[in-house]
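Okay, so here's the structure we're looking at.
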Amino acid sequence: MAYKTQGALLSIESVRAAAKTITAITAANPPVATSAAHGYSAGDIIAITGVVGMVQLNNRIFQLGVVAANTFELKGVDATAYTAYLSGGSAFKLTLIPIGQVQNVDASGGAAADIDVTHLQSLGKDSLLG
């Protein structure tokens with residue numbers, strides 16, 4: 001198995017914009033959500049909550065694909081097998097702050113003599129015995 005992660009950015013959410021009401025979502029590949037005058041742009045990152053019916057979309061984060069004045073596409077999602085949208089839901093545009101970049105991943109398995117537990121608040125390199 002191969003992993004391609006070098007260069008991936010690690011980000012945290014800093015601001016969640018005001019909720020935009022969702023009034024419809026298509027069971028398509030990709031799904032298209034309807035939200036009047038949402039103000040989003042292609043490439044924006046949003047979170048979705050409170051959807052009734054198509055609950056597979058709840059509490060998830062999406063990048064937007066094609067965007068029109070009252071609709072937006074959830075890029076990279078296939079909702080054709082999801083339950084039908086019934087009602088409700090809110091979308092929130094997220095502002096993310098990059099905090100790091102993945103340089104290397106070793107997924108070869110096995111055991112490590114030391115486990116790196118260094119985090120953003122560490123004063124130096126921290127480790128535990130493996």
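Between the side chain of Ser14 and the backbone N or O of Leu96 there is no donor-acceptor pair closer than 3.5 Å. A donor-acceptor distance shorter than 3.5 angstrom exists from the side chain of His38 to the backbone of Ala68, with no hydrogens or angles considered. Formation of a donor-acceptor pair under 3.5 Å by the Asn70 side chain with backbone atoms of Thr34 is not found in this model. Judged purely by atom type and a 3.5 angstrom limit, Thr83 uses its side chain to pair as donor or acceptor with the backbone of Gly53. The main-chain N or O of Val51 is found under 3.5 Å from a side-chain atom of Asn58 such that the two form a donor-acceptor pair. Judged by distance alone, the side chain of Tyr85 and the main-chain N or O of Gly88 form a donor-acceptor pair under 3.5 Å.
Considering all non-hydrogen atoms of both residues, Ala19 and Phe92 come closest at CB-CE2, 3.3 Å. Minimum heavy-atom separation, Gly65 to Ala42: O-CB, 3.1 Å. Here the closest non-hydrogen pair linking Ile22 and Ala33 is CG2-CB, 4.5 Å.
Results of the side chain to side chain contact (heavy atoms under 4.5 Å, CB included) test with Ile46 over Leu94, Leu74, Ile61 single out Leu74 as the only residue that passes.
Put simply, CD1 on Ile48 and OG on Ser90 are 9.5 Å apart, with the number rounded to the nearest 0.5 Å. To the nearest 0.5 Å, the span separating OG on Ser35 from CD1 on Ile25 amounts to 10.0 Å. With rounding to the nearest 0.5 angstrom, the CZ atom of Phe72 is 10.5 Å from the NZ atom of Lys20. Lys93 contributes atom NZ, which lies 14.0 Å from atom CZ of Arg16 (distance to the nearest 0.5 angstrom).
Within the 4.5 Å cutoff, side-chain heavy atoms of Val77 are placed close to those of Tyr82.
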Next item on the list: With side chain to side chain contact (heavy atoms under 4.5 Å, CB included) as the test, would you mind laying out the steps for Lys75 and Phe62 before giving the verdict?
Entry: CA-CA 7 Å; Lys75 187 175 178 181; Phe62 304 93; over 6 Å; no
Next item on the list: Apply side chain to side chain donor-acceptor pair (under 3.5 Å) to the pair Thr95 and Glu13, showing each step before the final yes or no.
Entry: CA-CA 6 Å; Thr95 299; Glu13 178 182 337; over 6 Å; no
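In the hydrophobic clustering of ILVMFWY residues, with side-chain heavy atoms under 4.5 Å counting as a link, Val67 and Leu57 come out together.
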